[in-house]
Undergrad: 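Encoded as structure tokens, here's the structure I'll be asking about.
A quick note: this is a predicted structure, and the numbers were derived from the prediction, not measured. Naming: A, B, ... by sequence-line order, numbering from 1 per chain. The analysis underlying the following values was restricted to heavy atoms, covering all of them including side chains, and did not include hydrogens, waters or symmetry mates.
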Amino acid sequence: MFAKESTPPSNFIRTIIEEDIKTNKYNGRVVTRFPPEPNGYLHIGHAKSICLNFGLAAEYGSHCNLRFDDTNPSKEEIEYIESIKSDVRWLGFDWEDRLYYASDYFEKLYECAVQLIKKGKAYVDDLSAEEIREYRGTLTQPGKDSPYRGRSVEENFDLFQRMRAGEFKDGSRVLRAKIDMVSANLNMRDPVMYRILQATHHRTGDKWCIYPMYDFAHCISDSIEKITHSICTLEFEDHRPLYDWFLNELNLYHPQQIEFARLNLSYTVMSKRKLLELVKEGHVSGWDDPRMPTISGFRRRGYTPESIRNFCERIGVAKRDSIVDVALLEHCIREDLNKRAPRAMAVLRPLKVVIDNYPENQVEELEAINNPEDPNMGSRKIPFSRVLYIEEEDFCEAPPKKFFRLAPGREVRLRYGYYIKCEKVVKDEKTGQVVELHCSYDPRTKGGWSPDGRKVKGTLHWVSADHSLDAQVRLYERLFVTANPLDEKQGLDFKSYLNPNALQTLTSCKVEPSLKNIALGSRYQFERLGYFYVDPIDSSEGKLVFNRTVTLRDSWAKIVRKSEN
RNA sequence: UGGGGCGUCGUCAAGCGGUAAGACACAGGAUUUUGGUUCCUGCAUUCGGAGGUUCGAAUCCUCCCGCCCCAGCCA
């Protein structure tokens, strides 16, 4: 693990940076930035970008800025800014005193625009949005010049000043770069630089009624911050000529834009728009619903920042579109929690077991190891008594082949307890449901060892009925039933692939008494079941609510699945 | 049918003219008081296809095929 972390895999961005350092392109500097728009919560795709940008900076002994790309007040909110900051921090990254906003640069941006106007490289256009679209042409047909393209520098300057002064209404005019209406790259067909928006900005208030567009604001913001490598996703590749054009025309410090493929994860969706839709339509409880691929969702699910960082490193960085198997993410969190999470016993679907030959009222304290992977975590005592609960699925009246658990007449081990043998099955007369088991125990097998060396095939987890604590447990599965919900075959909407069983809430779970006063947000492995997280929001004094982060690998389930097919 | 990208194992992904890393997944086996963990073993004679250059090609050239992105006053 450490070897892996100390020698990060090679990728094309690192190669570019190494080359730039060698040729002294930026005097050996490496400065990056993470530039989210505060219009939604961060998802694991952003985590990839965060790890990349902050990681690269750290690797080259430099820094990465956090900059909010807040140029569109109609979509952006303070709530998102706060969530983004806390998510980046939670992931383990630090922007120190370099928290920036594109809106901090509005005045500078305005000056740049004026400069382009004076250079004859920008003009105010009175065409409507629809007309601009028409004049732009199509993918295969060139565009044509706006009738306003030939305005004088003086007129453009005057109009632009009056746009800023609020003399015109929304949508009536825009400022455009004068580039090339017949360019094969649509982004170069006189892109809009400023639009009029009579909106209150979350930071600048009503100071502005014109707002810069992404292409104009982003390159200049990068330049102001002396970024060296401006890393963004593939869809901006076509924008690079424009990025370069603005900086060249303005004669500004010029960072290098580099594009990589965004992360896609199987069994989920990654676009903010779609995630917002799930939130707004109530398919999930919020942005931090543990079913969501958001950073806050994974946090609430019980994922650790380490596991997510490790995942981001393992998936690599490249330019080809891909869908990473969510099994890799699950592997990363299991790997982390296996080493760190203390073990405990919890019974999700309790089946009552009475040990008939165990003395009534007797209680024994048995020793249980907290984490077999880490002896330093010590051990604890768990009470054993005559009436216990075991997992419903650990008993089978007519066991199939390879079923090693409890069955009539069969002996199994209770973990850290005794060997018990099923003597009698009690069923509900009406439903035929097994409601209780009567077993006998072998007093010589205390702790789970047999002096005569006889072996049992199965070891079950259990809790003492009188000593156990009640708990609510939420079992989470994948949000979608299909690996690629965007593959909308037969015209099906991605939401038609939503997994109706992605959340199952169990309310009559029983957990061992040592979990009495555990900390909110702590993580446990419930033996044989999976890793669980104490939900910090819904748990309270005397009320335990656990979220299942991920199940343990389950080779028995695999066998069952195979035999079913 | 314009422009920009991309095609290496089921999924990610190294490789940059010297004869296909690694991870996940999967399949066997060993160990095991978690059917967990750990540990072995197997898993691309082949790099989208076809030609060509070369002693030698996933790497260079040519053509072809496929996939993604672009026609917001979103980012």
Undergrad: Tell me which residues in residues 370-377 of chain A put a heavy atom below 4.0 Å from RNA chain B, sorted by number, or none.
TA: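 Heavy-atom cutoff 4.0 Å gives A:Pro372, A:Glu373.
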Undergrad: Is there any protein nitrogen or oxygen under 3.5 Å from a nitrogen or oxygen in nucleotides 8-10 of chain B, and what are the pairs?
TA:
from : atom 1 : to       : atom 2 : distance (Å)
B:U8 : O4     : A:Arg320 : NH2    : 3.3

Undergrad: Please name all residues satisfying ring-ring contact (aromatic ring centres under 6.0 Å, His included) with A:Tyr531, sequence neighbours left out, ordered by chain then number.
TA: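 In terms of ring-ring contact (aromatic ring centres under 6.0 Å, His included), with neighbours along the sequence ignored, A:Tyr531 is linked to no residue.
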Undergrad: Kindly state which residues belonging to residues 217-225 of chain A come within less than 4.0 angstrom of RNA chain B, counting heavy atoms of the residue only, listed by number.
TA: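 Output list: empty, so none.
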Undergrad: Run the side chain to side chain contact (heavy atoms under 4.5 Å, CB included) test against A:Lys144 and tell me which residues pass, sequence neighbours left out.
TA: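 Testing A:Lys144 for side chain to side chain contact (heavy atoms under 4.5 Å, CB included), a comparison that skips the adjacent residues, returns A:Tyr135.
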Undergrad: Would you kindly check whether a donor in the side chain of A:Asp554 faces an acceptor in the base of B:G35, or vice versa, at under 3.5 angstrom?
TA: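 No pair found.
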Undergrad: Apply side chain to side chain donor-acceptor pair (under 3.5 Å) to A:Arg136 and list each qualifying residue two or more places apart in sequence or on a separate chain.
TA: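 Residues passing side chain to side chain donor-acceptor pair (under 3.5 Å) with A:Arg136: none at all.
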Undergrad: Calculate the interatomic distance between A:Arg240 atom CZ and B:G3 atom P; express it in whole Å.
TA: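 Rounded to whole Å, this separation is 17 Å.
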Undergrad: Under 3.5 Å, which N/O atoms of the protein pair with N/O atoms of nucleotides 26-31 of chain B?
TA:
from  : atom 1 : to       : atom 2 : distance (Å)
B:C26 : OP1    : A:Lys558 : NZ     : 3.3

Undergrad: Please enumerate all residues that pass side chain to side chain contact (heavy atoms under 4.5 Å, CB included) together with A:Glu235, with sequence neighbours excluded.
TA: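 Per chain and number, A:Glu235 pairs via side chain to side chain contact (heavy atoms under 4.5 Å, CB included) with A:Thr233, A:Arg262.
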Undergrad: Not counting sequence neighbours, which residues clear side chain to side chain contact (heavy atoms under 4.5 Å, CB included) with A:Thr138? List them please.
TA: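 Result, side chain to side chain contact (heavy atoms under 4.5 Å, CB included) vs A:Thr138: A:Thr140, A:Gln141.
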Undergrad: Who passes side chain to side chain contact (heavy atoms under 4.5 Å, CB included) against A:Ser271, sequence neighbours left out?
TA: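 Side chain to side chain contact (heavy atoms under 4.5 Å, CB included) check on A:Ser271 returns A:Arg273, A:Lys274.
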Undergrad: Under the salt bridge (Lys or Arg N to Asp or Glu O under 4.0 Å) test, which residues partner A:Asp145, sequence neighbours left out?
TA: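 If we apply the salt bridge (Lys or Arg N to Asp or Glu O under 4.0 Å) test to A:Asp145, skipping adjacent residues, the hits are A:Arg149.
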Undergrad: What residues in residues 190-202 of chain A put a non-hydrogen atom under 4.0 Å from any atom of RNA chain B?
TA: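 Contacts with RNA chain B under 4.0 Å: A:Val192, A:Arg195.
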